[in-house]
Enquirer: 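Quick one: structure below, then a few questions.
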2 protein chains.
Amino acid sequence: MSQTVDRALSILPLLAEGPANLEQVAQRLGVHKSTALRLLRTLHEHGMVYRQRDQRYRLGARLFALAQQAVENLDVREIAHPYLVELNEKCGHTVHLAVHEEHEVLYIDKVESRYPVRMYSRIGKPVAITVAAVAKLLLADLPEAERRTLAEKLDYPLYTPRSTPNAAAFLKELAAVREQGWATDLGGHEESINCVGAPVRGTDGRVVAACSVSAPNVVVTADELLKLLPLVRRTAEAISREYAGRAPSSP
Amino acid sequence: MSQTVDRALSILPLLAEGPANLEQVAQRLGVHKSTALRLLRTLHEHGMVYRQRDQRYRLGARLFALAQQAVENLDVREIAHPYLVELNEKCGHTVHLAVHEEHEVLYIDKVESRYPVRMYSRIGKPVAITVAAVAKLLLADLPEAERRTLAEKLDYPLYTPRSTPNAAAFLKELAAVREQGWATDLGGHEESINCVGAPVRGTDGRVVAACSVSAPNVVVTADELLKLLPLVRRTAEAISREYAGRAPSSP
DNA sequence: GTCCGGCGTTGCAGCATGTGCAACCGTCAT
DNA sequence: ATGACGGTTGCACATGCTGCAACGCCGGAC
């Protein structure tokens, strides 16, 4: 729409391929040297490009700083919330969103079940890290070394007979979760409650959050809850797209 | 220099603080809504900004992709080379540049000593990972869990009586290196050869490479070599600045 | 040492292009 | 229904971007 800006922005992907000098830039843009110079100067003033010793241009530090700041200020909860509400409207059960932070996994959002029977959980509360579906999803994404170290540090309380008993079992479970891209907790925390969850991923594919649907046996059986898996996964993927900024946007 | 581009680029840091709608952007830029709209549209076409469901604007995925591609295509060796040559001209000894790659530490550049006595090493050759100064620098920067796992996997060949004997000693050495920001190898690989090295860091502070100066006892004593430490560190810092794109650039 | 070629830089005249305005539209809340 | 709000469109004006040509600097060739 704006020619000048259009040209200036076209320089960036070009420089991403590697350093280039003024003439190369001008040529690939199809403009006069002086035009390219002014564009590059403006980009330079904003720190978007950097001038090497040999005068060639490269992408600048500001670009990285911006990208980093943007990620930091991205609020998964804000973005995810409408999707969680939608998910709740479709299935009626309790919906959770959780993140991994400082050796803990925390609930950061919750949409209450529309059934009279509700489950106990609170936003900001750490989850049962060895059994919760969301915890498995978040920890399964850690690099192998960190996963092992963490697994060995944890306690494995036997909330129920189906709780994860020890580090070996936990690591095996995490490997499975990592592989399949979803997770469950079938009565591992409270005998009568089941969950299914799926990961929310950022631009780089790393898991930044996890969402889950939970319901007590008295409302739906585990088998029936598992039928919701595709819906949960689609929701998580929609959040991922919006979070990563890839969704098709309207005109 | 270019008003339009200048305004367009000013939008980015503004959006990095968090999502904003058209009017907010227009207001903070001090321009008419329609002007801001056209700028945002252009940015949008290039994927630099993303439009959320609620119509507000955010920084877009392209920005992250660009930043990532740029770091991938950054060639440390190319950037470092002139600095290594300069370092060699100042001290006369063999200068090495190494990176950490796939469980190995590799020499990727070398400037030969100007003294007749030279040391054996080859570009592309893996370094003695448990003793070399550059290896210590690169491994010291790994996250604690990975460092431990790696240290336990390694063999500790006794090249000399001063070689690192085992994982515990190695981890202790890495902790010291991490703390002090430089490393040595005093006869740990070959009895008569000493090295001092310093890390090259990227924008985010992570160590991306390490450079070192090596010299045999017959040319300079270890004490004398250590006197070069400030010079080596300054060189590594200069490379870091250039690599990270922070150096003061000429008009 | 001198010349030459390449590349970045500057000043300028002309007009393409970006600008602000005002009117229009869709949505939401009252 | 009605009004307010925010995004969108078309347009006339002049701003500020464009390409040209001339200049200066550096580095290599001979």
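Here is the naming used below: chain letters follow the sequence lines, and residue numbers restart at 1 for every chain. As the structure is a prediction and not an experimental result, all values here were calculated from the model.
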Enquirer: Is there any side chain to side chain donor-acceptor pair (under 3.5 Å) pair reaching into residues 24-33 of chain B, and which pairs are they, with sequence neighbours excluded?
Expert: B/Glu17-B/Arg28, B/His32-B/Ser34

Enquirer: What are the residues of residues 10-28 of chain B, sorted by number, that bring a heavy atom to within less than 4.0 Å of DNA chain D?
Expert: B/Asn21, B/Leu22, B/Glu23

Enquirer: Using side-chain hydrogen bond (donor to acceptor under 3.5 Å, both in side chains) as the criterion, list what pairs up with B/His100, not counting sequence neighbours.
Expert: none

Enquirer: Quick one: side-chain hydrogen bond (donor to acceptor under 3.5 Å, both in side chains) partners of A/Asp54, sequence neighbours excluded?
Expert: A/Arg56

Enquirer: Rounded to 10°, tell me the angle between the two end axes of the helix from C/dG1-D/dC30 to C/dT30-D/dA1, each built from five pairs.
Expert: 40°

Enquirer: What pairs of residues pass the salt bridge (Lys or Arg N to Asp or Glu O under 4.0 Å) test when at least one of them lies in residues 80-89 of chain A, not counting sequence neighbours?
Expert: A/Glu86-A/Lys90

Enquirer: Would you mind building the protein contact string for nucleotides 18-30 of chain C? One character per nucleotide, 5' to 3', B for base within reach (heavy atoms under 4.0 Å), S for sugar-phosphate only, - for untouched.
Expert: SBBBB--------

Enquirer: Mind checking what makes side-chain contact (heavy atoms from CB on, under 4.5 Å) contact with A/Ile79, not counting sequence neighbours?
Expert: A/Leu74, A/Glu242, A/Tyr243, B/Gln52, B/Arg58

Enquirer: Which pairs pass salt bridge (Lys or Arg N to Asp or Glu O under 4.0 Å) with one or both residues in residues 62-71 of chain A, sequence neighbours excluded?
Expert: none

Enquirer: According to side-chain hydrogen bond (donor to acceptor under 3.5 Å, both in side chains), who are the partners of B/Asn88, at least two apart in sequence or on a separate chain?
Expert: none

Enquirer: Which side chain to side chain donor-acceptor pair (under 3.5 Å) pairs, counting each pair once, include a residue from residues 4-13 of chain A, with sequence neighbours left out?
Expert: A/Asp6-B/His46

Enquirer: Taking side-chain hydrogen bond (donor to acceptor under 3.5 Å, both in side chains) as the definition, give me every residue that meets it alongside A/Glu224, ordered by chain and number, with sequence neighbours left out.
Expert: A/Thr221

